[in-house]
> 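What follows is a structure written as structure tokens; I'll ask about it next.
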Number of protein chains: 2
Amino acid sequence: MLSIGKLAEVTGVKVPTIRYYEQIGLMPCPGRSSGNQRLYGPAERQRLAFIRHARDLGFPLQAIRELLALTDRPETSCEAADRIARAQLAEVNSRISRLMALRAELERMLERHCAGRVADCRVIEVLGDHGLCLHHDRPVMGDIAVSDAPDNPPKRNPRYRACR
Amino acid sequence: MLSIGKLAEVTGVKVPTIRYYEQIGLMPCPGRSSGNQRLYGPAERQRLAFIRHARDLGFPLQAIRELLALTDRPETSCEAADRIARAQLAEVNSRISRLMALRAELERMLERHCAGRVADCRVIEVLGDHGLCLHHDRPVMGDIAVSDAPDNPPKRNPRYRACR
DNA sequence: CTAATCTCTCTAGCGGCTAGAGGTTCAAGG
DNA sequence: CCTTGAACCTCTAGCCGCTAGAGAGATTAG
């Protein structure tokens with residue numbers, strides 16, 4: 001039996017995240033020690049590894065919920081699993097192509113950059129005038145997940161309330 | 001002078017988003033009509049277009065805040081603007097490469113998919129065993145921003161509280 | 001004048017966690 | 001056996017970048 005800390009260690013999922021998964025019903029309520037601490041067996045460990053892997057592949061938690069429901073019914077058709085994976089692939093492809101357009105635009109913006117004043121800056125100029133762009137639609141950003149580096153200090157900016 | 005609705009229309013930024021930008025101090029507090037409704041002039045319109053364009057290029061709001069501060073001091077060096085744009089380009093490149101690894105893995109997972117039961121499903125199998133993967137690190141997902149299509153109905157799932 | 005459409009402020013919610021407070025339990029060393 | 005310190009517990013609140021909705025007031029077209 002594993003404590004939550006050990007489980008976190010072997011699966012690479014952080015402790016609060018495991019508790020979060022339990023809270024939203026993705027992980028079952030595990031047994032508890034006499035002192036009310038969570039204890040996990042191999043089944044839970046396998047389940048969490050599945051979740052972690054699917055997350056690493058970018059599946060949203062809702063999709064993972066559905067995939068897990070499928071593993072609980074192994075005799076049903078795997079058509080649904082296939083559909084979910086294909087949707088994820090389509091999503092990834094869409095993100096890639098949009099990011100490539102973005103990259104092209106950013107490179108174009110930077111390639112003739114000035115070494116002078118902001119007033120002449122091509123970056124600023126292009127940002128202010130979409131007409132200088134070739135084309136790009138809405139971006140695909142969000143979740144950085146930039147491997148939580150310790151040199152990436154989370155600076156909390158204190159929620160501006162500008163006017164009034 | 002434009003009402004907030006007209007401004008939203010000409011810039012493509014939604015009305016609540018404009019108010020949100022004002023709230024966090026990204027847009028200034030505009031003048032008001034006699035009936036307390038916001039009125040925008042060309043300067044605000046230009047500023048919002050700048051923000052919108054930078055968002056489209058994936059810049060986070062904090063970066064946009066800094067870029068806007070630069071445009072307010074046009075005589076300073078554009079070095080900072082350049083640095084911000086390069087950081088953004090690096091970020092985009094990083095996302096692209098990670099997504100490509102993801103895509104490869106998803107395609108591999110799907111290419112020999114079964115037409116049978118979940119028990120034999122390669123998708124499920126691979127998800128359950130990371131050892132079957134080639135390699136991929138953490139993903140780059142998040143903000144879909146999939147051009148708010150009306151065929152994409154926002155289904156609200158009511159915050160599970162599984163156990164207890 | 002009325003009805004429809006904006007607009008106002010305010011609060012709460014989304015995904016997917018992360019951080020911290022303030023308390024309890026466990027395991028190793030003396 | 002006792003102490004210490006790490007790990008654990010629950011709970012709440014915060015992150016980004018919006019989005020949704022309630023319940024009110026303003027404006028505009030017919």
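Reminder, nothing fancy here: chain letters follow the sequence lines and each chain counts from 1. Note that these values count all heavy atoms, side chains included, but never hydrogens, waters or copies made by symmetry. Values in this document were obtained by computation on a predicted structure and should not be read as measured data.
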> Would you say a side-chain N or O of Lys14(A) is under 4.0 Å from OP1 or OP2 of dC17(C)?
no
> May I have the distance from Leu61(A) (atom CG) to dC17(C) (atom C1'), rounded to whole angstrom?
9 Å
> For Ser34(A) and for Pro16(A), find the nucleotide of DNA chain C with the closest heavy atom, then tell me which residue's nucleotide is more 5'.
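Result of the comparison: Pro16(A).
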> So, is Arg65(B) close to the dG17(D) phosphate, meaning a side-chain N or O under 4.0 Å from OP1 or OP2?
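Indeed not, no polar side-chain atom of Arg65(B) lies that close.
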> Specify the separation, in whole Å, of atom OH of Tyr20(B) and atom P of dA12(C).
17 Å
> Thr17(B) has a side chain; which of dT18(C), dC18(D), dT9(C) sits nearest to it?
dC18(D)
> Can you tell me the distance, in whole Å, between the CD1 atom of Ile18(A) and the P atom of dC8(D)?
9 Å
> Rounded off to whole Å, could you give me the CZ-to-C1' distance for the Arg19(A) and dA19(C) pair?
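To the nearest whole Å, that distance equals 12 Å.
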> Mapping Gly35(B) and Pro60(B) to their closest nucleotides on DNA chain D, which lands nearer the 5' end?
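Its nucleotide being nearer the 5' end, the pick is Pro60(B).
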> Give a yes/no on whether any side-chain N or O of Ser3(A) is located under 4.0 angstrom from OP1 or OP2 of dA7(D).
no
> Main chain of Gly58(B), side chain of Gln88(B): is a donor-acceptor contact present, judged purely on distance under 3.5 Å?
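Side chain of Gln88(B) to backbone of Gly58(B): a pair is present.
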> Can you name the closest pair of heavy atoms from Arg55(B) and Tyr21(B) and give their distance?
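For Arg55(B) and Tyr21(B), the tightest heavy-atom pair comes out as CG-OH, 3.7 Å.
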> Using atom CD1 of Ile24(A) as one end and atom P of dG15(C) as the other, report the distance to the nearest whole Å.
9 Å
> How long is the line joining CD1 of Ile4(B) and C1' of dA26(D), in whole Å?
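That distance rounds to 14 Å.
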> Toward the 5' end of DNA chain C, which comes first, Tyr21(A) or Asn36(A), by nearest nucleotide?
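Final value for this comparison: Tyr21(A).
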> From the list dG17(D), dG16(C), dT27(D), which nucleotide is the closest neighbour of the side chain of Arg55(A)?
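When the side chain of Arg55(A) is considered, dG16(C) is the closest of dG17(D), dG16(C), dT27(D).
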> Count I, L, V, M, F, W, Y as connected when their side-chain heavy atoms are under 4.5 Å apart, and connections chain through other members. Are Met100(B) and Leu99(A) then in the same cluster?
yes
> Rounded off to whole Å, could you give me the CD1-to-P distance for the Ile51(A) and dG16(C) pair?
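From Ile51(A) CD1 to dG16(C) P: 12 Å.
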> Report the C-alpha distance between Glu22(A) and Arg19(A) in whole Å, list the side-chain angles of each, state the deciding distance to 0.1 Å, and finish with yes or no for salt bridge (charged side-chain N to carboxylate O under 4.0 Å, His left out).
CA-CA 5 Å; Glu22(A) 181 183 326; Arg19(A) 287 197 279 248; over 6 Å; no
> So, is Arg38(B) close to the dT9(C) phosphate, meaning a side-chain N or O under 4.0 Å from OP1 or OP2?
yes
> Take the protein atom NZ of Lys6(A) and the nucleotide atom C1' of dA27(C), then report the distance between them rounded to whole Å.
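Rounded to the whole Å, the gap is 11 Å.
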> Inspect the surroundings of CD in Glu79(B) and state if more than 12 heavy atoms from other residues, nucleotides or ligands are less than 6.0 Å away.
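Counting other residues, nucleotides and ligands, CD of Glu79(B) stays at 12 neighbours or fewer.
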